[in-house]
Amino acid sequence: MKELTPKSEDFSKWYVEVVQKAELADYTPMKGMMVIRPHGYAVWENVRNALDRRIKAAGHVNAYFPLFIPESFLQKEAEHVQGFSPEVAWVTVGGKEELEERLAVRPTSEAIIGHMYAKWIKSWRDLPVLINQWANIVRWEKVTRPFLRTTEFLWQEGHTCHETAEECEAETLRILDLYRDVCEAELAVPVLTGRKSLSEKFAGASMTYAVEALMSDGKALQMATSHNLGQHFSKAFDIRFEDRNQTLQYVWQTSWGMTTRTIGALIMVHGDDSGLRFPPRVAPVQVVVVPISIGNWKETVLPAARAAAESLRAAGLRVDLDAREEATPGWKFSEHEMRGVPLRLEIGPRDVKAGQAVLVRRDTGAKETARLADLGARVPALLDEIQAGLMAQAKAFLEANIRDAADYAEFKAILETKRGFVRAAWCGGEACEARIKAETMATIRVIPTEEAASKTDRPCVSCGGAGQALAYFARAY
RNA sequence: CGGGACGUGGCGCAGCCUGGUAGCGCACAUGCUUGGGGUGCAUGGGGUCGGCGGUUCGAAUCCGCCCGUCCCGACCA
């Protein structure tokens, strides 16, 4: 549990080390499969709860569909099967018997859900269907990294059906905004939102919208996606309803997901050379109480530390009392910094005498003393400040790393020297997009959805043709 | 999947070139000591060197194949 490689020296190494040293995850004997350890899983639980609250508040209900999908189902939507087939894991044997039809371990659940929806939906009165599921997913990725890309990962996937195209699009965008809100309000990760180019969209969607964040090494990370599936799947799976005019119509569908990858974003956006810095809203432990062990501390300091921890717990905070005898205070400080605890509360003999405690912020390192009687008010306020402080810091970084490129030379120079997002005009042509990707490794992360934000009179940064939209380009994870 | 690096107690490494059955630091256990930023000392337990095969009297060391990890690309949430 020593010496973390500095972020600036080797970002990838720093990332892998901090994941392990903070005990968020660990590797297993199977390639690309990791254990999410209790400290990491607690983060996921907090993210999940925040998301789940919002999904339900927006009118959705949770359900659970099977892990396996018959091969023939996956094949019903041509683009879908083509997009996912390279990374599907198959079950071919059950017990000792060879299966007649092999089963895919779900890489996403549109196919099985589509099949069930066809059975359940008959009338416009059945619509909208607003179902979400929390599930595990398997995609046989060639290159894996803890949280960012693993063979199996956890996520939620929403699958909705609507009467009209307009309603469907509205749902897609409502969810996009929901994701933005979770990222910014809970994870303290500022994001760009917008649509994807056609080449980057979900296999089988009409349009994909995404929430993109900027990691502190200047690479972008997709935090969530919201797809307008149009009628692609309803036609493939025959999901029809009789509308208000007594004609049969195919439903309009959306699907959307957010994954355990968000934990990777939390690490890469907020972490520093001492380890993790979790935003209080999703931190597994919000306050750690460290008694300063000197002399007869167990009789004097420890009871005061217990009382402080208890009172904060009673106020609804997630509090850990680190009363271990085998570790020194300094050791504990470092360890809890590594683990990202937002606020440390130190109580020593001097404090007990003075009826106070020392509060140390993880985000800034700032120390202050507070009267024990005031902790109930001061600690929650400080946690709010830390949450806001992390957001402000990340936002300043994002804004400082969005740069406009007038021409291709400038575009390339920015990506070479500074990275971050480059905002540039694009003609809408796939050839230009592909060329930019090949030459700079940058892809279109999002094209802002609002007319005003994407409108441009500048020529395409690649070909010089008429610019159709302003797009945000970046190298991405 | 292409290029590169690596695989030796839990972790990080040395030893390999010039074969002779393992060593260091941290961690761990015990005791004392210390304690407001990773305390110090002593004692002790733990590996047969990623796997398989070959060469050899003898392999961590040489050769071949395989597996895995990390980095850089192509693919992806």
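Just so we're on the same page: letters track the sequence lines, and every chain starts at 1.
Separation of the P atoms belonging to B:C63 and B:G7 is 14 Å when rounded to the nearest angstrom. Comparing the same atom, P, in B:G12 and in B:U8 gives a spacing of 7 Å after rounding to whole Å. Look at the C1' atom in both B:A59 and B:C49: the space between them is 11 Å, to the nearest Å. Using P as the reference atom, B:G53 and B:A60 are 14 Å apart when rounded to the nearest Å. A gap of 28 Å separates the C1' atoms of B:C71 and B:C62, to the nearest Å. Rounded to the nearest Å, the gap between the P atom of B:A22 and that of B:C13 is 23 Å. Taking atom P on both nucleotides, B:C26 is separated from B:U43 by 14 Å, rounded to a whole Å. Using atom P as the reference point in both B:G10 and B:G46, the two lie 13 Å apart (nearest Å).
In the set B:C75, B:G36, B:C71, B:G36 carries the atom at the smallest distance from any side-chain atom of A:Arg350. The nucleotide whose nearest atom lies closest to any side-chain atom of A:Arg139 is, among B:A77, B:G38, B:G35, B:A77. Of the candidates B:G36, B:G37, B:A77, B:G37 carries the atom nearest the A:Ser334 side chain, counting heavy atoms from C-beta on. Out of B:A77, B:G36, B:C1, the shortest distance to the side chain of A:Val143 is found at B:C1. Nearest to the side-chain atoms of A:Glu141 among the listed nucleotides B:C75, B:G35, B:C71 stands B:C75. Side-chain proximity of A:Lys367 to B:A77, B:G37, B:G36: nearest is B:G37. Residue A:Glu337 has its side chain nearest to B:G37 when only B:G37, B:C72, B:A77 are considered. Looking at the side chain of A:Thr259, the nearest of the listed nucleotides B:A77, B:G36, B:G37 is B:A77. When each of B:A74, B:A77, B:G36 is scored by its nearest atom to the side-chain atoms of A:Met441, the top-ranked nucleotide is B:A74. The side chain of A:Trp331 approaches B:G38 more closely than any other nucleotide in the set B:G36, B:C71, B:G38.
Residue contacts shown for A:Thr150 include a base, since a base heavy atom lies under 4.0 Å away. Within the 4.0 angstrom heavy-atom criterion, no nucleotide atom of any strand lies near A:Arg475. Within 4.0 Å of A:Glu326, counting heavy atoms only, lies no atom of the nucleic acid at all. A:Gln222 comes within contact range of the sugar-phosphate backbone alone, with a heavy-atom separation under 4.0 Å but no base atom that close. Among the heavy atoms of the strands lying under 4.0 Å from A:Pro349 is at least one base atom, whether or not backbone atoms are also near. Base engagement by A:Gly348 is indicated by at least one non-hydrogen atom pair under 4.0 Å involving a base atom. Using a 4.0 Å heavy-atom distance criterion, A:Lys437 is classed as a sugar-phosphate-only contact.
Taking 3.5 Å as the limit, the base of B:G12 and the side chain of A:Glu17 contain no donor-acceptor pair of atoms between them. With hydrogens and angles ignored, a donor-acceptor pair under 3.5 angstrom links the side chain of A:Arg149 to the base of B:C76.
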Stepwise, does the side chain to side chain donor-acceptor pair (under 3.5 Å) test hold for A:Glu110 with A:Tyr117? CA-CA 10 Å; A:Glu110 276 76 7; A:Tyr117 280 179; over 6 Å; no

Run the numbers on A:Arg106 and A:Glu157 for salt bridge (Lys or Arg N to Asp or Glu O under 4.0 Å), then give the verdict. CA-CA 12 Å; A:Arg106 63 182 163 214; A:Glu157 50 179 324; 5.1 Å; no

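Dense packing is recorded around NZ of A:Lys219, with more than 12 heavy atoms of other residues, nucleotides or ligands lying under 6.0 Å away. Around atom NZ of A:Lys7, more than 12 heavy atoms belonging to other residues, nucleotides or ligands sit under 6.0 Å away. Within a 6.0 Å radius of CZ in A:Arg102, other residues, nucleotides and ligands contribute more than 12 heavy atoms. More than 12 heavy atoms of other shown residues, nucleotides or ligands fall within 6.0 angstrom of atom CH2 in A:Trp134.
The shortest distance between the side-chain N/O atoms of A:Thr328 and the OP1/OP2 oxygens of B:G38 is not below 4.0 Å. OP1 or OP2 of B:C70 has at least one side-chain nitrogen or oxygen of A:Tyr27 nearer than 4.0 Å. For A:Arg145 and B:C71, the shortest distance from a side-chain N or O to OP1 or OP2 is below 4.0 Å. Under 4.0 angstrom from either OP1 or OP2 of B:G35 there lies no side-chain N or O belonging to A:Lys332.
With a cut-off of 3.5 Å on both Watson-Crick or G-U wobble distances, the partner of B:G2 is given as B:C72. Pairing for B:A77 is absent, with no Watson-Crick or G-U wobble pair whose two atom distances lie under 3.5 Å. Across all strands shown, B:A60 has no partner, as no Watson-Crick or G-U wobble contact with both distances under 3.5 Å is found. Shown here, B:C17 forms no base pair; nothing in the strands shown gives a Watson-Crick or G-U wobble contact with both key distances under 3.5 Å. Base pairing annotation: B:U48 forms no Watson-Crick or G-U wobble pair, as no partner gives both donor-acceptor distances under 3.5 Å. Of the nucleotides present, B:A42 is the one that pairs with B:U30 by Watson-Crick or G-U wobble criteria, both distances under 3.5 Å. Summarising the base pairing, B:C11 is matched to B:G25 through a Watson-Crick or G-U wobble pair whose two defining distances lie under 3.5 Å. Using the Watson-Crick or G-U wobble rule with both distances under 3.5 Å, B:G35 pairs with nothing in any strand shown.
Taking atom CG on A:Leu148 and atom P on B:C75, their separation rounds to 18 Å, with Å as the unit. Distance A:Asp10 CG to B:A5 C1': 13 Å, rounded to the nearest Å. Taking atom CZ on A:Arg324 and atom P on B:C28, their separation rounds to 10 Å, with Å as the unit. The NZ atom of A:Lys201 sits 12 Å away from the P atom of B:C76 (whole-angstrom rounding). Atom CG of A:Leu359 and atom P of B:G36 are 19 Å apart (whole Å). B:A27 atom P lies 12 Å from atom CD of A:Glu335, rounded to whole Å. In this structure, A:Met215 atom CE and B:A77 atom C1' are separated by 13 Å, rounded to whole Å. When the C1' atom of B:G38 is taken as reference, atom NE2 of A:His336 falls 12 Å away, rounded to whole Å.
A:Phe84 and A:Phe202 have their aromatic ring centers within a separation under 6.0 angstrom. Checked against the 6.0 Å centroid threshold, A:Phe233 and A:His80 count as a close aromatic pair. Here A:Trp256 and A:His60 bring their ring centres to under 6.0 angstrom of each other. Close placement of the A:Phe411 and A:Phe473 rings is indicated, their centers lying within 6.0 Å of each other.
Summary of the strand contacts: A:Asp351 and A:Gly83 both lie near RNA chain B, and taking for each the nucleotide with the nearest heavy atom, the more 5' one is attributed to A:Asp351.
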